[in-house]
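Each remark here refers to the structure printed beneath this line.
Letters A, B, ... are given to chains in the order of the sequence lines, protein chains preceding strands, and every chain is numbered from 1. Side-chain atoms are counted along with the backbone in the values below, which use heavy atoms only and exclude waters and symmetry mates. None of the values given here were measured: they were computed from a predicted structure.
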Number of protein chains: 2
Amino acid sequence: MIKDFSYLIKDKGFKVTQIRKDILGIFSNDCKPINAEYIYKVLKNKKTNLVTIYRTLVSFEKEGILKRVDLHKESVYYELVDDHHHHHIICLYCKKVYNFNGCKEDSDLLISKALKQNKDFNSISHHSFDLFGICKKCSKK
Amino acid sequence: MIKDFSYLIKDKGFKVTQIRKDILGIFSNDCKPINAEYIYKVLKNKKTNLVTIYRTLVSFEKEGILKRVDLHKESVYYELVDDHHHHHIICLYCKKVYNFNGCKEDSDLLISKALKQNKDFNSISHHSFDLFGICKKCSKK
DNA sequence: TTTCTTGCAAATTTTTTGCAACTTA
DNA sequence: TAAGTTGCAAAAAATTTGCAAGAAA
């Protein structure tokens, strides 16, 4: 389902433009980490520009709308920050990404322990907890 | 201190060359995530080649000697897999990296929960648990 | 001597920048 | 209309590839 992201965009201090709504629509619809190239292909018929997409991704990340996800792939992937709390298991060979539901309490506990140790931060805006291994299919090969 | 990594290199099926020992020496000595360019500068007087460094990093990652670390910077950083178990807190503005000692039991628990949920993996070779926020210095600005 | 490694040059890919034209508020 | 956005062209930066020469086992 495509939500209307106008409020979120405006709330973060951006002007509401079609492409920004489109980009967030794709994130909301696809529910997986995506990169600039992917967005470009989806929006190609709308004559979008890759440069604009890059700029949008960077600015949305700075404002906490998107977060980077490191899939150990060639380019940078992003996800909605406000997504359902989950983590990734990534196959080191085929790079396929599987989600799993991390227990929010568990990771919150780890974060509070970290903040007690490190006095350079007041708070944490988001975190990554990703597992890397070789999936069963690739192990067989 | 610089350890001798010859055995590790040979054990993973590589030939023991000076540059491979040098690269692992740097990782062992510096104890922080580093990228190809950094290694290149450290070894510059030895007339090293960036291409060789890239190839070494990629092959060492595949064999589980190194792991990628995503610092949300321009290039790819690596760390020794066999390092002391720790995690990172990264400032989204200045990109400075702070370490903290994650409790190994806690993250092992999360990993076992993940493996129960997801049946596509038998085991996990390594994981990332990194926190992102804005450090106190950058908050003041 | 066989196999793996390295270096060089060049290519590819991803991401960024400058600037003028265009939109949103 | 003022301030922020976009598109185009071009540049910059990071990483990869092919191939011949060199080094390890």
Side-chain angles (χ1 to χ4, degrees), chain A residues 4-26 33-63 65-78 92 95, chain B residues 4-26 33-63 65-78 92 95:
Chain A
D4 180 28
F5 288 99
S6 303
Y7 179 73
L8 175 62
I9 295 169
K10 193 179 293 180
D11 188 49
K12 294 292 187 179
F14 298 112
K15 290 190 173 172
V16 178
T17 64
Q18 192 55 47
I19 196 171
R20 286 175 172 156
K21 288 192 286 182
D22 286 345
I23 289 176
L24 290 183
I26 294 172
I34 62 186
N35 66 357
E37 193 65 32
Y38 179 85
I39 295 171
Y40 184 59
K41 279 179 186 153
V42 173
L43 297 180
K44 201 188 291 178
N45 49 338
K46 299 198 179 179
K47 283 195 279 167
T48 330
N49 189 299
L50 247 187
V51 175
T52 307
I53 296 172
Y54 276 110
R55 281 195 274 231
T56 306
L57 293 175
V58 168
S59 60
F60 279 6
E61 195 215 346
K62 283 200 175 135
E63 288 305 321
I65 299 175
L66 297 176
K67 63 179 170 187
R68 286 175 61 141
V69 182
D70 184 27
L71 303 180
H72 293 194
K73 288 196 183 183
E74 68 299 337
S75 65
V76 177
Y77 285 69
Y78 295 87
L92 289 167
K95 306 282 179 172
Chain B
D4 180 28
F5 288 100
S6 303
Y7 178 73
L8 175 61
I9 294 169
K10 193 179 294 181
D11 188 48
K12 294 292 188 180
F14 297 113
K15 290 188 173 172
V16 179
T17 64
Q18 192 56 48
I19 196 171
R20 285 175 174 156
K21 288 192 288 182
D22 286 347
I23 289 176
L24 290 184
I26 295 171
I34 63 187
N35 66 358
E37 193 65 32
Y38 179 84
I39 296 170
Y40 185 59
K41 279 179 187 152
V42 173
L43 297 180
K44 201 189 288 178
N45 49 339
K46 299 197 179 180
K47 285 194 278 167
T48 330
N49 189 299
L50 247 187
V51 174
T52 305
I53 296 172
Y54 275 112
R55 281 196 274 231
T56 305
L57 293 175
V58 168
S59 60
F60 279 7
E61 195 215 346
K62 282 199 176 137
E63 287 305 320
I65 299 175
L66 297 176
K67 64 179 170 187
R68 286 175 61 142
V69 182
D70 184 27
L71 303 179
H72 293 195
K73 288 196 182 182
E74 69 298 338
S75 66
V76 177
Y77 284 69
Y78 296 87
L92 289 168
K95 307 281 179 170

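- Look at CD1 on A:Ile53: it is 12 Å from P on D:dC8, rounded to the nearest Å.
- Using a 4.0 Å cut-off, some side-chain N or O of B:Asn49 falls inside it from OP1 or OP2 of C:dC8.
- B:Arg68 places its CZ atom 14 Å from the P atom of D:dA14, with the value rounded to the nearest Å.
- For the atom pair B:Lys12 NZ and B:Arg20 CZ, the distance stands at 14.0 Å (nearest 0.5 Å).
- The structure places CD1 of A:Ile26 at 6.0 Å from CD1 of A:Ile34, a figure rounded to the nearest 0.5 Å.
- With rounding to the nearest 0.5 angstrom, the OG1 atom of A:Thr17 is 8.0 Å from the CD1 atom of A:Ile23.
- The phosphate of C:dT16 (OP1 or OP2) has no side-chain N or O of A:Tyr54 nearer than 4.0 angstrom.
- From B:Tyr77, atom OH reaches atom CG of B:Asp70 across 11.0 Å, with rounding to the nearest 0.5 Å.
- Atom-to-atom, CG of A:Leu43 to C1' of D:dG7 comes out at 15 Å; the value is rounded to the nearest Å.
- Remark: C1' of D:dA14 and OH of B:Tyr40 are 14 Å apart, rounded to the nearest angstrom.
- Comparing the helix axis at one end of the helix from C:dT1-D:dA25 to C:dA25-D:dT1 with that at the other, each defined from 5 consecutive pairs, gives an inter-axis angle of 50° (nearest 10°).
- Scanning for side chain to side chain contact (heavy atoms under 4.5 Å, CB included) contacts around B:Lys95 gives B:His72, B:Lys73, with sequence neighbours left out.
- Mapping B:Glu74 and A:Leu50 onto DNA chain D by nearest heavy atom places A:Leu50 closer to the 5' end of the strand.
- The shortest distance between the side-chain N/O atoms of A:Arg20 and the OP1/OP2 oxygens of C:dT24 is not below 4.0 Å.
- If you measure from atom OH of A:Tyr7 to atom P of C:dA25, you get 15 Å, rounded to the nearest angstrom.
- Distance A:Lys21 NZ to D:dT6 P: 12 Å, rounded to the nearest Å.
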Review item, side-chain donor-acceptor pairs of residues 48-60 of chain B, under 3.5 Å, at least two apart:
from, atom 1, to, atom 2, distance (Å)
B:Thr48, OG1, B:Leu43, O, 2.9
B:Asn49, OD1, B:Val51, N, 2.7
B:Thr56, OG1, B:Thr52, O, 2.7
B:Ser59, OG, B:Arg55, O, 3.0
B:Ser59, OG, B:Thr56, O, 3.1

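- Annotation: side chain of A:Phe5 is not in contact with side chain of A:Ile65 (no heavy-atom distance under 4.5 Å).
- Between B:Glu37 atom CD and D:dA14 atom C1' the separation is 9 Å, expressed in whole Å.
- Atom-to-atom distance recorded for B:Ile19:CD1 and B:Lys47:NZ is 12.5 Å, nearest 0.5 angstrom.
- Between the CD atom of A:Glu63 and the P atom of D:dT5 there is a distance of 10 Å, rounded to whole Å.
- In this structure, CD1 in B:Ile9 is found 12.5 Å from CD in B:Glu63, a value given to the nearest 0.5 Å.
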- Query: Using a cut-off of 4.0 Å between protein heavy atoms and nucleotide atoms, how would you tag nucleotides 17-25 of chain D 5' to 3' with B, S and -?
  - Reply: BB-----BS
